[in-house]
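When reading the values below, keep in mind they use all heavy atoms of this one structure, side chains included, and skip hydrogens, waters and symmetry mates. What you see is a predicted model, and the numbers here were worked out from it, not measured in a lab. Just so we're on the same page: letters track the sequence lines, and every chain starts at 1.
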Number of protein chains: 2
Amino acid sequence: MDRKIGSRPSIRDVARSAGVSPGCVSNVINGRRKQDDPIGRAVHEAIEKLGYRRNTIASNLRRSQSRFIGLVIPDFENPFFAELVAQLEQQAEGTQYRIVATSSREDPEIELRELDELAGWPVAGILLVPSMDSRCKPVIQTSDKPVVVIDRIIPDSDLDVIAVDNFEASAEGMRRLLELGHRRILIAYLDDGIVNVDERLAGVRAAAAQHSDELEVNFLATGPDVEGARQRIGDLLDENPGTTAIFCLFNSATLAAYGAAQARNLRLGQGLALLSFDDSTWMSQVQPAVAAIIQPVAEIARQAWERILTRIDAETEPAGIVRVRCELSQRETLIAANGVQESASRTTEEQV
Amino acid sequence: MDRKIGSRPSIRDVARSAGVSPGCVSNVINGRRKQDDPIGRAVHEAIEKLGYRRNTIASNLRRSQSRFIGLVIPDFENPFFAELVAQLEQQAEGTQYRIVATSSREDPEIELRELDELAGWPVAGILLVPSMDSRCKPVIQTSDKPVVVIDRIIPDSDLDVIAVDNFEASAEGMRRLLELGHRRILIAYLDDGIVNVDERLAGVRAAAAQHSDELEVNFLATGPDVEGARQRIGDLLDENPGTTAIFCLFNSATLAAYGAAQARNLRLGQGLALLSFDDSTWMSQVQPAVAAIIQPVAEIARQAWERILTRIDAETEPAGIVRVRCELSQRETLIAANGVQESASRTTEEQV
DNA sequence: TTTACAACATAAAACGATTTTCCTACTGTT
DNA sequence: AACAGTAGGAAAATCGTTTTATGTTGTAAA
């Protein structure tokens with residue numbers, strides 16, 4: 001044993017042990033060599049014997065191109081982003097790249113710091129779900145590394161974006177409510193400058209505008225926290241007892257609406273319809289199950305991964321926005337205005 | 001502009017621009033120099049002018065000690081782990097270290113691969129929430145980097161562990177139910193070899209054993225998925241109509257129990273008590289709100305962070321298990337067996 | 001047998017930073 | 001004025017790997 005004590009064996013140690021040069025070991029490791037060759041075998045034995053692991057950092061440094069892809073999301077605790085991370089990790093599996101995930105906690109300052117940090121590694125590319133404002137725009141536009149924006153478009157920029165078709169999905173949701181006979185509808189939205197919610201709002205407005213009957217649509221900005229949202233939705237329900245449907249344009253509003261309705265003994269799925277943009281586990285488990293527009297996270301991840309790899313390979317097709325379609329899941333809270341349950345029962349849905 | 005085109009400026013470029021040597025620039029960057037000194041100022045100007053960012057990888061390589069701390073969790077989509085990641089990121093903020101999070105998807109194989117990968121970076125230390133089995137034990141015991149295990153202890157090992165006091169917390173939960181007069185109790189648990197649930201089960205058993213009255217405690221292994229768990233819990237409720245309380249020893253069983261009770265028109269918080277080990281957002285928002293044993297994630301993160309930093313600084317106090325206490329949140333589903341609601345109302349709780 | 005060429009191992013340079021060593025210039029003391 | 005001591009920058013070595021350049025060996029063609 002002639003290797004330095006206390007530190008990991010290096011490629012030199014392996015080379016010495018196998019009686020070859022470090023460069024040769026490198027070639028073996030990186031598969032630049034025929035199968036079934038005595039020297040290769042010897043090297044592999046030495047690696048085994050010494051317990052050698054390649055030092056990723058040194059390797060990346062020499063290649064001057066790392067195999068990390070940075071992922072910046074606003075928040076790990078949002079189930080949508082959590083699933084996104086999980087799906088992207090799955091995409092990365094088996095490729096030579098790996099995801100390094102960090103969060104900005106919806107704070108533009110932290111977001112900038114994270115992007116800066118990732119630039120300093122440096123990473124091969126960046127996947128970004130931007131936080132609320134667009135302060136990061138100049139940074140990512142001038143970035144020397146490819147950037148793919150996910151979920152939230154950045155206005156007036158020609159970046160690659162993968163997002164769901166918020167407008168169309170919520171328009172469809174709204175049309176569905178109208179078809180079911182609803183005329184007094186509460187729309188719960190968020191006024192935090194998140195583009196998605198704006199797009200959804202626009203979709204709802206467009207669907208409402210296309211409708212000929214007289215409608216009473218109440219738009220309510222609830223604020224981001226569930227507690228406050230429940231309060232406001234409750235108040236609005238009290239003021240407008242004729243409301244027959246609630247359409248929540250973001251995740252936590254749905255929970256708030258659910259709680260508010262329960263507290264008032266309004267029977268969801270009987271007297272009151274509820275539709276959620278974005279699904280959560282609890283929505284399909286409670287009774288009545290809450291109808292939701294499901295965002296295809298796996299598909300988003302797939303597209304984003306494909307796009308960032310393409311960009312890293314420097315194929316320079318023009319940047320573009322990819323919109324993926326959502327799916328409206330028919331569940332028990334999606335009922336006609338007259339209280340008749342139009343949809344198939346949950347049992348049927350489960351069998352699918 | 002004499003720096004290489006297309007690549008980031010290096011410390012050499014800065015040195016040239018400031019008319020000093022690279023080593024001197026390094027000293028300036030790392031604060032090994034008096035304040036208020038003309039050369040330092042010149043260097044900072046050059047850095048500013050060229051838009052120089054230190055290359056983290058090269059820096060780490062030279063120091064032969066990286067400032068990454070690897071975090072391996074079983075699953076990003078589990079809210080408990082999601083919060084853990086978020087809290088640890090917050091702990092890392094402002095320190096010189098940063099978290100690099102990956103997940104094993106509860107797969108011991110992937111877990112081993114991830115640990116191996118992290119060892120190859122190499123990271124300064126590893127935070128690990130082990131997956132179900134203990135296959136990783138030999139790897140982390142022989143690791144040359146400090147490892148701190150979080151949330152799930154690894155049997156028969158002398159590693160540093162930060163976990164909640166599962167035994168005591170669930171014993172307390174059980175005692176609480178007994179105090180409230182419950183004698184026919186359903187315990188929903190998981191039989192996947194996750195240590196925590198075993199500990200919780202032991203706590204429940206111990207509390208039951210201490211009780212003198214005759215008890216009918218049904219232990220039900222539900223399986224990990226919510227759908228199946230709902231089925232089984234429902235069946236058991238049908239077979240044992242006298243059941244007055246359900247105690248769920250893991251997160252998703254609570255949702256299953258909630259759904260199963262709703263489906264049977266069993267009035268939670270009136271005819272039937274429900275207590276959950278582990279809290280989720282929905283539990284405090286639905287009505288009646290579901291009582292839960294809350295795991296102090298922030299405290300766990302704090303302790304884990306402190307411990308790993310201590311280990312990295314090579315202070316070799318003996319390894320040990322730290323148990324942090326959980327808190328039982330009094331909510332509306334925690335009622336006496338006779339149906340009387342013992343607890344303060346939710347409104348009161350909110351004011352706290 | 002000689003020449004050309006392929007194959008492949010070794011030696012050395014390089015990646016970008018940090019750290020050590022060396023050397024110069026300055027300060028202060030006698 | 002001569003010398004010791006010190007401060008601090010420049011130069012060089014270094015981290016572990018990959019890559020390029022160089023050289024050697026062996027095979028095939030002439």
Side-chain angles (χ1 to χ4, degrees), chain A residues 3-4 6-43 46-47 50-68 96 117 119-124 144, chain B residues 3-4 6-43 46-47 50-68 96 117 119-124 144:
Chain A
R3 74 182 177 86
K4 287 153 286 173
S7 84
R8 316 171 60 81
S10 80
I11 203 170
R12 280 166 211 277
D13 301 309
V14 174
R16 207 172 316 152
S17 165
V20 293
S21 71
C24 180
V25 174
S26 173
N27 284 334
V28 173
I29 292 172
N30 296 294
R32 277 188 279 279
R33 171 180 276 283
K34 295 179 215 137
Q35 297 295 81
D36 213 36
D37 122 277
I39 291 189
R41 216 187 318 273
V43 168
I47 287 175
L50 300 179
Y52 167 78
R53 305 264 138 242
R54 148 160 79 194
N55 182 319
T56 311
I57 286 183
S59 168
N60 281 337
L61 174 62
R62 186 48 179 79
R63 306 179 114 102
S64 1
Q65 194 240 351
S66 82
R67 285 169 174 169
F68 304 130
Q96 57 183 163
E117 170 78 19
W121 282 40
V123 294
D144 54 346
Chain B
R3 74 179 178 85
K4 285 154 287 172
S7 84
R8 317 171 58 79
S10 81
I11 203 170
R12 280 168 210 278
D13 301 309
V14 175
R16 207 172 316 150
S17 166
V20 294
S21 72
C24 181
V25 174
S26 173
N27 285 334
V28 172
I29 292 173
N30 295 293
R32 275 187 280 281
R33 172 178 277 282
K34 296 178 215 141
Q35 295 296 79
D36 212 36
D37 123 277
I39 291 190
R41 217 187 316 273
V43 168
I47 287 175
L50 299 178
Y52 167 79
R53 304 265 138 239
R54 149 162 78 195
N55 182 320
T56 311
I57 286 182
S59 168
N60 281 338
L61 175 62
R62 185 49 177 81
R63 307 180 113 103
S64 10
Q65 193 239 351
S66 83
R67 286 170 174 167
F68 303 129
Q96 56 183 163
E117 169 78 18
W121 282 41
V123 293
D144 55 346

For [X] and [N], give me the distance from atom [atom1] to atom [atom2], rounded to whole Å.
{"X": "B/N55", "N": "D/dG16", "atom1": "CG", "atom2": "P", "result": "17 Å"}
{"X": "B/R8", "N": "C/dG16", "atom1": "CZ", "atom2": "C1'", "result": "12 Å"}
{"X": "B/L61", "N": "D/dT18", "atom1": "CG", "atom2": "P", "result": "12 Å"}
{"X": "A/W121", "N": "C/dG16", "atom1": "CH2", "atom2": "P", "result": "18 Å"}
{"X": "A/N60", "N": "D/dT18", "atom1": "CG", "atom2": "P", "result": "9 Å"}
{"X": "A/R63", "N": "D/dT17", "atom1": "CZ", "atom2": "P", "result": "12 Å"}
{"X": "A/R16", "N": "C/dT10", "atom1": "CZ", "atom2": "C1'", "result": "15 Å"}
{"X": "B/D13", "N": "C/dG16", "atom1": "CG", "atom2": "C1'", "result": "10 Å"}

What does the list of N/O pairs under 3.5 Å between the protein and nucleotides 23-28 of chain D look like, with a distance for each?
none

Detail all sub-3.5 Å separations between protein N/O atoms and N/O atoms belonging to nucleotides 7-9 of chain C.
| residue | atom | partner | partner atom | Å |
| --- | --- | --- | --- | --- |
| C/dC8 | OP1 | A/K34 | NZ | 2.3 |
| C/dA9 | OP1 | A/R33 | NH1 | 3.2 |
| C/dA9 | OP1 | A/R33 | NH2 | 2.6 |
| C/dA9 | OP2 | A/R33 | NH2 | 2.4 |

Could you check which of C/dG16, D/dG16, D/dT18 has an atom nearest any side-chain atom of B/S10?
C/dG16

Considering only heavy side-chain atoms of A/R62, the closest of D/dT17, C/dT18, C/dG16 is D/dT17

Pairs touching residues 54-67 of chain A that satisfy salt bridge (charged side-chain N to carboxylate O under 4.0 Å, His left out), sequence neighbours left out
none

For A/R53, which residues count as a side-chain hydrogen bond (donor to acceptor under 3.5 Å, both in side chains) partner, sequence neighbours excluded?
B/D116

Report all interatomic pairs (protein N or O, nucleotide N or O of nucleotides 25-27 of chain C) with separations under 3.5 Å.
none

Looking only at non-hydrogen atoms, find the nearest pair between A/P122 and A/A119 and report the distance.
CB-O, 3.2 Å

Mind listing the closest non-hydrogen atom pair of A/R8 and A/D13 along with its distance?
O-OD2, 4.4 Å

Taking 4.0 Å as the cut-off, does a side-chain nitrogen or oxygen of [X] come that near to OP1 or OP2 on [N]?
{"X": "B/R54", "N": "C/dA17", "answer": "no"}
{"X": "B/N30", "N": "C/dT18", "answer": "yes"}
{"X": "B/R32", "N": "C/dT19", "answer": "yes"}
{"X": "B/S26", "N": "C/dT18", "answer": "yes"}

Sequence-distant partners of A/A42, side-chain contact (heavy atoms from CB on, under 4.5 Å), two or more places apart:
none

So, using side-chain contact (heavy atoms from CB on, under 4.5 Å) as the criterion, who are the partners of B/A46 when residues are at least two apart?
B/V14, B/S17, B/A18

Net bend of the helix from C/dT1-D/dA30 to C/dT30-D/dA1, end axes of five pairs each, nearest 10 degrees:
50°

Go through the structure and list residues passing ring pair (Phe, Tyr, Trp, His ring centres under 6.0 Å) with A/F68, not counting sequence neighbours.
A/W121, B/W121

Counterpart residues, salt bridge (charged side-chain N to carboxylate O under 4.0 Å, His left out), relative to B/R41 (two or more places apart)
B/D36

Let me have the donor-acceptor pairs involving side chains of residues 19-29 of chain A, under 3.5 Å, with sequence neighbours excluded, atom names and distances please.
| residue | atom | partner | partner atom | Å |
| --- | --- | --- | --- | --- |
| A/S21 | OG | A/C24 | N | 3.4 |
| A/S26 | OG | A/N30 | ND2 | 3.3 |
| A/N27 | OD1 | A/R32 | NE | 3.1 |

Does B/S66 reach the main-chain N or O of B/N60 with its side chain, forming a donor-acceptor pair under 3.5 Å?
no

